Amino acid sequence: MKIVVATEKPFAKTAVDGIREIIEGAGGELRLLEKYTAAGAFCQAVADADGLIVRSDRVTKEVIAAAKQLKIVVRAGAGYDNLDLPACASRGIVAMNTPGQNSNAVAELAIGMMVYMARNAFQPGTGSELKGKKLGIHAYGNVGRLVAAIGKGFGMDVHAFDPFVPREAMEKDGVKACDSAEELYGQCRYVSLHIPATAQTKQSVGYALLAALPKGGCLVNTARKEVIHEAELLRALEERADLKYISDIAPDNHAVLQEKFGGRYFSTPKKMGAETAEANINAGLAAARQIINFLTNGDRTFQII
Ligand code: 3PG
């Protein structure tokens with residue numbers, strides 16, 4: 001049983017040690033491919049793999065074609081837009097994610113980004129507090145719920161919009177349910193994005209929503225760059241000098257945004273939402289357990305397809 005862990009952005013060493021213990025403890029063999037730069041190296045590494053663990057690494061149809069013995073791929077994390085699911089399905093390869101395992105790390109970063117913007121990007125001068133401000137959660141999943149809970153701890157007035165979550169579930173958490181994204185953006189000073197990147201959501205956050213933000217509005221994106229309509233973001237920031245955008249995923253037009261809107265635009269150099277030792281351990285070990293449980297017992301918990 002050969003399991004490949006292919007991570008262009010490596011897990012913390014403690015997580016790798018734990019993954020190795022689980023795999024070797026079940027009689028398997030671990031092959032580690034870290035910080036690789038060429039897709040060819042990825043294809044080579046999976047040639048005789050039975051199982052594959054990745055983070056945001058792109059599991060393309062080429063990778064799937066090269067992995068002749070592959071039975072399962074687990075995305076150690078939440079978003080699986082990096083997996084070519086039709087290619088997996090065509091070969092009967094099971095695909096899974098590890099929902100919830102890295103959510104707290106992402107939620108803490110989202111709140112940290114709000115503080116950063118509220119305090120003028122940590123530059124001298126008078127900032128503002130999060131307390132008492134309206135926080136909008138766009139998609140009330142694992143991360144959204146945690147951002148809501150932390151926001152409440154800061155004394156924020158929390159609202160949420162998610163067409164797939166009953167409003168009672170939000171209200172039970174003390175969160176005000178909105179009926180539309182327009183309603184959410186129209187009233188919340190801070191909006192935290194937690195929608196996945198799908199055919200329906202790509203470029204769905206554009207001018208209309210951004211322009212609806214109240215004075216001093218700030219959009220926090222720890223989700224995916226693809227959900228933003230970048231040309232419309234640029235237009236909204238150009239038209240309103242009070243708007244702010246902070247992202248954990250550099251947009252394609254990062255250089256332009258940085259040059260034009262420095263101070264009210266910021267992006268991390270490399271996606272770091274789930275970059276904590278805790279999240280690496282939680283997601284990495286869960287992925288290893290899921291692979292072993294599937295290969296040894298046929299357990300399909302958290303199967304996507
Ligand atoms: C996720 O979808 O789980 C997050 O975006 C984390 O991605 P990462 O594993 O590349 O840090």
Side-chain angles (χ1 to χ4, degrees), residues 3-16 18-19 32-37 39 42 51-60 63 73-85 88 95-113 137-147 162 164 192-202 205 219-228 246-252 267-291 301-305:
I3 315 295
V4 171
V5 174
T7 47
E8 182 272 321
K9 188 171 63 182
F11 285 123
K13 188 182 176 304
T14 41
V16 175
I19 292 169
L32 202 54
L33 177 72
E34 293 181 326
K35 294 185 185 172
Y36 61 93
T37 48
F42 191 0
L52 171 62
I53 295 175
V54 291
R55 295 185 64 178
S56 289
D57 307 78
R58 290 188 62 231
V59 181
T60 59
V63 173
V73 52
V74 180
R75 194 286 190 235
Y80 45 83
D81 45 309
N82 54 322
L83 308 183
D84 188 328
L85 295 178
C88 291
M96 295 182 181
N97 65 347
T98 65
Q101 300 290 351
N102 59 16
S103 307
N104 189 65
V106 181
E108 287 190 11
L109 183 73
I111 296 284
M113 287 182 143
I137 310 289
H138 191 172
Y140 203 64
N142 288 318
V143 183
R145 277 162 223 249
L146 288 166
V147 174
D162 191 326
F164 304 105
S192 194
L193 259 179
H194 303 291
I195 53 179
T198 65
Q200 289 72 39
T201 64
K202 280 182 185 165
V205 178
L219 180 64
V220 179
N221 184 4
T222 54
R224 291 290 182 270
K225 70 172 180 176
E226 289 84 357
V227 301
I228 302 288
I246 183 161
S247 177
D248 187 30
I249 321 94
D252 293 334
S267 171
T268 53
K270 194 171 174 84
K271 187 167 72 155
M272 57 174 288
E275 279 295 74
T276 65
E278 293 91 335
N280 282 186
I281 292 168
N282 292 342
L285 270 56
R289 284 192 199 101
Q290 287 173 217
I291 284 207
T301 310
F302 300 126
Q303 179 174 4
I304 304 157
I305 56 145

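When a ligand or atom number is given, it counts from 1 through the structure's own listing order. Small disclaimer: the values here were computed from a predicted structure and weren't measured.
Here the OG1 atom belonging to T98 is positioned 9.5 Å from the CD1 atom belonging to I53, to the nearest 0.5 angstrom.
Under the side-chain hydrogen bond (donor to acceptor under 3.5 Å, both in side chains) criterion, E108 pairs with N104, not counting sequence neighbours. Under the rule for a ring-ring contact (aromatic ring centres under 6.0 Å, His included), the partners of F42 that lie at least two apart in sequence or sit in another chain are Y36. A search for side-chain contact (heavy atoms from CB on, under 4.5 Å) contacts involving I281 returns T14, A15, L285, not counting sequence neighbours.
Ligand 1 lies under 4.0 Å from heavy atoms of K9, R55, S56, R75, G77, A78, G79, N102, R224, K271, A274.
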query = How far apart are the C-alpha atoms of N82 and S56, what are their side-chain angles, what is the distance that settles it, and do they pass the side chain to side chain donor-acceptor pair (under 3.5 Å) test?
reply = CA-CA 6 Å; N82 54 322; S56 289; 5.3 Å; no

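Closest non-hydrogen pair, E8 versus P10, comes out as O-CD, 3.4 Å.
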